[in-house]
Amino acid sequence: MDELIGPQSINNFSKFDFFRTLPADFTSKSKTGGIISIFTMLFITAILYAETQDYMEENYYCTILVERVPGHDHLRCDLNITMLENNCDNILMRYRSATQGKTMFHLDTSSLHFEEYHGACKIEGTFKIQKVPGFLEITLKKAGSKNISLSHHIDHLMVGERFGFEDQLFLHEDIPETVYNPLRDHAEFYYQPGHDSEYHLQLVHTMVQIYDDDSIEEPYQYIYSHKYHKTTDQYPGIKFFFDWSPVTIKYGIRSFYLVDLLGQYAALTGGMFTLSLFIHSFLTSSLQSIYDRTLGPLTTTKLSA
């Protein structure tokens with residue numbers, strides 16, 4: 001315990017001591033305090049480095065909740081489909097009710113491009129549908145018989161308000177393309193004549209934050225099932241049945257500000273110094289107590305003699 005009593009015991013470790021306790025003016029240094037101070041600084045440096053690395057990395061979050069999505073009574077659809085054996089002049093598109101099959105409203109096809117080449121019709125562009133149970137039908141205006149084929153190839157079908165984010169969104173490996181466009185490059189070459197080609201889509205509203213709080217996109221991800229069904233209409237058609245889920249998925253990158261990082265620095269530094277002070281005080285008191293019980297009486301007896 002000589003190192004705790006006077007300045008003559010100051011050594012290489014003592015000069016690092018941040019926890020000076022003796023004498024009363026807190027100017028004396030000890031080897032124990034110096035060692036604890038060195039380890040404290042090493043721990044603080046390591047923790048601050050880890051916090052800085054975490055701040056620099058992209059932190060993803062995902063939340064699932066049930067809510068009504070306001071302002072989505074009309075949804076934008078982005079479609080690219082090629083009718084392989086039909087002319088564009090004979091193509092009819094409409095939205096029908098899911099129960100009775102009545103035409104609910106006529107689609108505004110002004111943003112759709114119908115391109116005809118080699119006897120096929122490529123339909124590409126955007127249109128809006130009402131968010132009510134029903135299905136989008138692509139059929140023929142007239143045909144020689146009901147026993148016809150509607151072979152087709154779907155490049156993509158996406159539902160949501162914005163699609164300019166697509167290329168940027170899919171750069172993130174944690175956001176797979178297939179959840180927003182599972183029908184990409186889907187083909188039905190061996191179409192059953194006289195049958196409807198039915199696609200049943202289960203759509204889930206998604207809020208995706210890519211960069212900051214203001215860059216939120218709202219696509220709909222979906223899964224689908226496909227089947228053929230003998231048509232009950234005048235002519236067979238390609239039918240996309242839409243079924244909306246009440247679930248909303250919020251997914252994106254959580255933003256942290258520099259002031260948050262500085263606050264973490266201050267809290268960790270203060271916490272580590274406080275903990276080290278407690279450890280230093282405990283060791284000092286323990287060593288002093290051991291000294292008083294063991295070497296103290298011997299020293300007193302020797303001085304008395």
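- Side chain of N181 to main chain of L157: a donor-acceptor pair is present (N/O by atom type, distance under 3.5 Å, no hydrogens or angles).
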Step-by-step side chain to side chain contact (heavy atoms under 4.5 Å, CB included) determination, V204 to I249
CA-CA 7 Å; V204 178; I249 299 178; 4.0 Å; yes
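- Checking side-chain atoms of Y228 against main-chain N and O of D196 turns up no donor-acceptor pair under 3.5 Å.
- Side chains of L140 and N86 form a contact here, defined as non-hydrogen atoms less than 4.5 Å apart.
- For the residue pair D108 / S110, a side-chain donor-acceptor distance below 3.5 Å is found, with atom types taken as modelled.
- Between the side chain of K239 and the backbone N or O of R96 there is no donor-acceptor pair closer than 3.5 Å.
- Heavy atoms only, all atoms of each residue included: Y220 and G160 are closest at CD1-CA, 4.0 Å.
- In summary, of the residues considered (F241, Y95, F240), a ring-ring contact (aromatic ring centres under 6.0 Å, His included) with F135 occurs for F241 alone.
- Ring to ring, H186 and Y199 are close: their centroids are under 6.0 angstrom apart.
- Within 6.0 Å of atom NE2 in H226, more than 12 heavy atoms from other residues, nucleotides or ligands are found, so the atom counts as buried in its surroundings.
- The hydrophobic clustering, which links ILVMFWY residues whose side-chain heavy atoms are closer than 4.5 Å, places F43 and M41 together.
- In the hydrophobic cluster analysis, where Ile, Leu, Val, Met, Phe, Trp and Tyr join through side-chain heavy atoms closer than 4.5 angstrom, I148 is grouped apart from L84.
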Let me see the working for I129 and F242 under side chain to side chain contact (heavy atoms under 4.5 Å, CB included), right down to the final yes or no.
CA-CA 10 Å; I129 61 173; F242 296 94; 3.9 Å; yes
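- In terms of modelled atom types and a separation under 3.5 Å, the side chain of T139 and the main chain of P236 share a donor-acceptor contact.
- Although no hydrogens or angles enter the test, the distance criterion places no donor-acceptor pair under 3.5 Å between the side chain of T82 and the main chain of K122.
- Remark: the E198 side chain and the H200 side chain contain an N/O donor-acceptor pair separated by less than 3.5 Å.
- In this structure, L112 and G125 approach most closely via the heavy-atom pair CD2-C, 3.5 Å.
- Looking at R76 and V159, their side chains never come closer than 4.5 Å, going by heavy atoms from C-beta outward.
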